[in-house]
Amino acid sequence: MNKILEILGLLTGLIPLVLTLIKQFETPGFGAEKRQAVLDVIGAIHTQLNITVIAKEKLLSIAGSVIDIAVSFFNLIGIFKHNENPT
């Protein structure tokens, strides 16, 4: 039961961190690179904090899903704007 609570606590903290990183790395274009940059930071945090309650690969998978959902939502509501007329 303690491990489940630790994982839930970790995931609860992960979502605001991912959202903040998405906004920090946001520049028009280069979506895949920005996504990877966020995942790299999450991976580095996992390593630096020596998190053992959840495997790094699993955490990155969950973070990737959160990124995809958040970016889709931000695009939908117009926070992120696409360049309609590239030059």
Side-chain angles (χ1 to χ4, degrees):
M1 185 67 166
N2 280 344
K3 186 171 183 177
I4 293 171
L5 293 176
E6 286 181 54
I7 291 171
L8 287 174
L10 180 68
L11 295 178
T12 302
L14 177 70
I15 294 171
L17 175 62
V18 168
L19 295 175
T20 299
L21 290 171
I22 288 170
K23 290 178 183 176
Q24 290 299 312
F25 288 120
E26 175 54 26
T27 54
F30 305 102
E33 291 85 353
K34 292 182 289 191
R35 184 180 193 278
Q36 188 59 51
V38 173
L39 291 175
D40 289 346
V41 171
I42 299 296
I45 290 170
H46 183 279
T47 301
Q48 289 292 322
L49 296 179
N50 196 27
I51 296 170
T52 58
V53 71
I54 187 170
K56 185 176 186 177
E57 294 77 23
K58 186 65 173 173
L59 183 64
L60 292 176
S61 174
I62 293 168
S65 295
V66 172
I67 292 167
D68 294 342
I69 292 167
V71 169
S72 293
F73 179 73
F74 291 154
N75 286 333
L76 182 68
I77 64 173
I79 290 177
F80 294 162
K81 305 213 185 291
H82 294 279
N83 188 356
E84 299 291 326
N85 298 317
T87 56

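Below, each value reflects all heavy atoms present in this structure, side chains not excepted, and no hydrogens, waters or symmetry copies. All values reported here derive from a predicted model rather than from experimental measurement.
- For Gln48, the CD atom counts as loosely surrounded, since its 6.0 Å shell holds 12 or fewer non-hydrogen atoms of other residues, nucleotides or ligands.
- Partners of Phe73 according to the ring-ring contact (aromatic ring centres under 6.0 Å, His included) rule, which considers only residues two or more places apart in sequence or in another chain, do not exist here.
- A distance of 12.5 Å separates CD1 in Ile7 from CG in Leu14, rounded to the nearest 0.5 Å.
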For side-chain hydrogen bond (donor to acceptor under 3.5 Å, both in side chains), just list the numbers for Glu6 and Asn2, CA-CA rounded to whole Å, side-chain angles, deciding distance to a tenth of an Å, and then say yes or no. CA-CA 6 Å; Glu6 286 181 54; Asn2 280 344; 5.9 Å; no
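- Although no hydrogens or angles enter the test, the distance criterion places no donor-acceptor pair under 3.5 Å between the side chain of Ser61 and the main chain of Glu57.
- Contact of the Leu11 side chain with the Ile15 side chain is not registered, since no non-hydrogen atoms from C-beta on lie closer than 4.5 Å.
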Quick one: do Ile22 and Val18 satisfy side chain to side chain contact (heavy atoms under 4.5 Å, CB included)? Show the steps, please. CA-CA 6 Å; Ile22 288 170; Val18 168; 3.8 Å; yes
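- Expressed to the nearest 0.5 Å, how far CD1 of Ile67 lies from CG of Leu39 amounts to 4.0 Å.
- The shortest distance between side-chain heavy atoms of Gln24 and Val38 does not fall below 4.5 Å.
- To the nearest 0.5 Å, the span separating CD1 on Ile62 from CD1 on Ile54 amounts to 4.0 Å.
- Under the 4.5 Å side-chain contact rule for hydrophobic residues, Leu8 and Val66 do not share a cluster.
- Neither Val53 nor Ile4 shares a network with the other; the hydrophobic side chains, linked directly or stepwise wherever heavy atoms of I, L, V, M, F, W or Y lie under 4.5 Å apart, form separate groups for each.
- Atom CG in Asp40 sits 4.5 Å away from atom CD in Gln36 (nearest 0.5 Å).
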Stepwise, does the side chain to side chain contact (heavy atoms under 4.5 Å, CB included) test hold for Ile51 with Lys56? CA-CA 8 Å; Ile51 296 170; Lys56 185 176 186 177; over 6 Å; no
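- Members clustered with Leu76: none, using a 4.5 Å side-chain heavy-atom cutoff among hydrophobic residues.
- Judged purely by atom type and a 3.5 angstrom limit, His46 has no side-chain atom pairing as donor or acceptor with the backbone of Leu60.
- Across Phe25 and Lys34, no two heavy atoms sit closer than the pair O-CD, 3.1 Å.
- Taking Ile, Leu, Val, Met, Phe, Trp and Tyr as members and joining any whose side-chain heavy atoms lie under 4.5 Å apart, directly or through other members, Ile69 forms no hydrophobic cluster with any other residue.
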